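A quick write-up on the structure given underneath.
Index from 1, following the sequence. The shown structure was predicted, so the numbers you read here are calculated from the model rather than taken from an experiment.
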Amino acid sequence: MGTYYRSLLLDSLGFKLEGENALEIGCHDGFLLSKVIAKEKVGIDPEPIINYPHIEYIKGDFLTHNFDEKKYDLVLSIEVMEHVTNPKVFMQNISRILTNNGRTLLSVPSKRIKIFPYFLQSYIDKRWGHNYRRGFSKKELYQLLENNFSDKTYKIIEWNCPFWRTTYIPLKMLWIVFPSLTK
């Protein structure tokens with residue numbers, strides 16, 4: 001359900017999912033990457049689910065994977081950085097593999113995000129794998145970006161997704177029983 005939601009969010013932002021070669025960090029089953037227009041599509045995930053034949057899946061950890069000298073002109077990382085042990089290395093790696101004119105789309109939850117009803121927050125944090133952090137503050141993101149992309153243009157779009165946070169639990173229950181109806 002989260003992957004489907006994120007694809008709708010990207011559509012609404014108008015971010016062009018196209019390039020010569022694209023990499024998705026934390027690709028899961030490749031659903032989002034399957035929507036990308038690119039000659040080469042690569043997804044890396046600790047436990048990828050291989051669903052699309054036109055995607056090269058790498059089973060591995062982005063923090064330690066050796067990409068050799070490979071560069072990508074489109075790098076996607078949607079709701080991944082909050083799950084990694086070292087966000088600084090994560091951003092350094094993106095910077096290292098991104099072409100000079102490349103684009104990256106990085107999405108992370110806010111450090112302040114709270115789900116409704118709030119008493120379920122610790123359960124949801126565990127369920128979503130927020131073992132290291134729930135999210136990032138704007139200040140933390142600016143520091144990570146400035147340290148790794150000082151020569152690039154970047155923009156932070158803040159969106160608190162109130163509808164999603166308020167309806168997550170009922171939608172998740174509906175998704176399990178009636179996925180087509182929930183979409």
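Using a 4.5 Å heavy-atom threshold, the side chains of Ile44 and Leu23 count as touching. At least one side-chain heavy atom of Val36 sits less than 4.5 Å from a side-chain heavy atom of Leu76. Contact check for Asn51 versus Tyr57: side-chain heavy atoms found under the 4.5 Å cut-off. Looking only at side-chain heavy atoms (C-beta outward), Leu63 and Thr85 come within less than 4.5 Å of each other. At a threshold of 4.5 Å between non-hydrogen side-chain atoms, the residues Glu24 and Lys41 do not count as touching. Looking only at side-chain heavy atoms (C-beta outward), Ser34 and His54 come within less than 4.5 Å of each other. Taking 4.5 Å as the limit, some side-chain heavy atom of Glu56 sits within range of a side-chain heavy atom of Glu40. Using a 4.5 Å cut-off on side-chain heavy atoms (C-beta onward), His65 and Ile58 make contact.
Checked options Asn86, Ile94, Ile25, Val108; the residue passing with Met81 is Val108 (criterion: side-chain contact (heavy atoms from CB on, under 4.5 Å)). When each of Leu32, Leu33, Ile37 is tested with Leu17 by the rule side-chain contact (heavy atoms from CB on, under 4.5 Å), just one qualifies, namely Leu32.
Interatomic distance, Met91 CE to Gln143 CD, rounded to the nearest 0.5 Å: 11.5 Å. To the nearest 0.5 Å, atom CD of residue Glu18 and atom CG of residue Asp73 are 9.5 Å apart. Taken from CD1 in Ile55 to CD1 in Ile50, the straight-line distance is 10.0 Å, to the nearest 0.5 Å. In this structure, Leu105 CG and Ser107 OG are separated by 7.0 Å, a value rounded to the nearest 0.5 Å. Atom CG of Leu98 is separated from atom CG of Leu74 by 8.5 Å, given to the nearest 0.5 angstrom.
Crowding of Lys70 atom NZ: a count of heavy atoms from other residues, nucleotides or ligands under 6.0 Å exceeding 12.
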- prompt: Going through the checks in order, is the side-chain contact (heavy atoms from CB on, under 4.5 Å) test met by Lys138 and Leu141?
  reply: CA-CA 5 Å; Lys138 235 175 149 174; Leu141 285 176; 5.6 Å; no
task: Under the side-chain contact (heavy atoms from CB on, under 4.5 Å) rule, what do Asp68 and Asn66 come out as? Steps first, then yes or no, please.
output: CA-CA 5 Å; Asp68 294 319; Asn66 181 4; 3.3 Å; yes
message: Could you go through Val42 and Asn21, starting from their C-alpha distance and side-chain angles, then the distance that decides it, and tell me whether this counts as side-chain contact (heavy atoms from CB on, under 4.5 Å)?
response: CA-CA 8 Å; Val42 178; Asn21 51 3; over 6 Å; no
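Side chain of Lys71 to backbone of Arg96: a donor-acceptor contact under 3.5 angstrom is found.
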Side-chain donor-acceptor distances from residues 148-156 under 3.5 Å, at least two apart:
residue: Asn148; atom: ND2; partner: Leu144; partner atom: O; Å: 2.8
residue: Lys152; atom: NZ; partner: Asn100; partner atom: O; Å: 2.7
residue: Tyr154; atom: OH; partner: Glu146; partner atom: OE1; Å: 2.9

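The two atoms that bring Ser77 and Val80 nearest to each other are OG-CB, 3.6 Å, heavy atoms only.
Under the rule for a ring pair (Phe, Tyr, Trp, His ring centres under 6.0 Å), the partners of Phe62 that lie at least two apart in sequence or sit in another chain are Phe67, Phe90.
Note: the hydrophobic cluster containing Tyr52 does not contain Ile49 (ILVMFWY, side chain heavy atoms under 4.5 Å, direct or indirect links).
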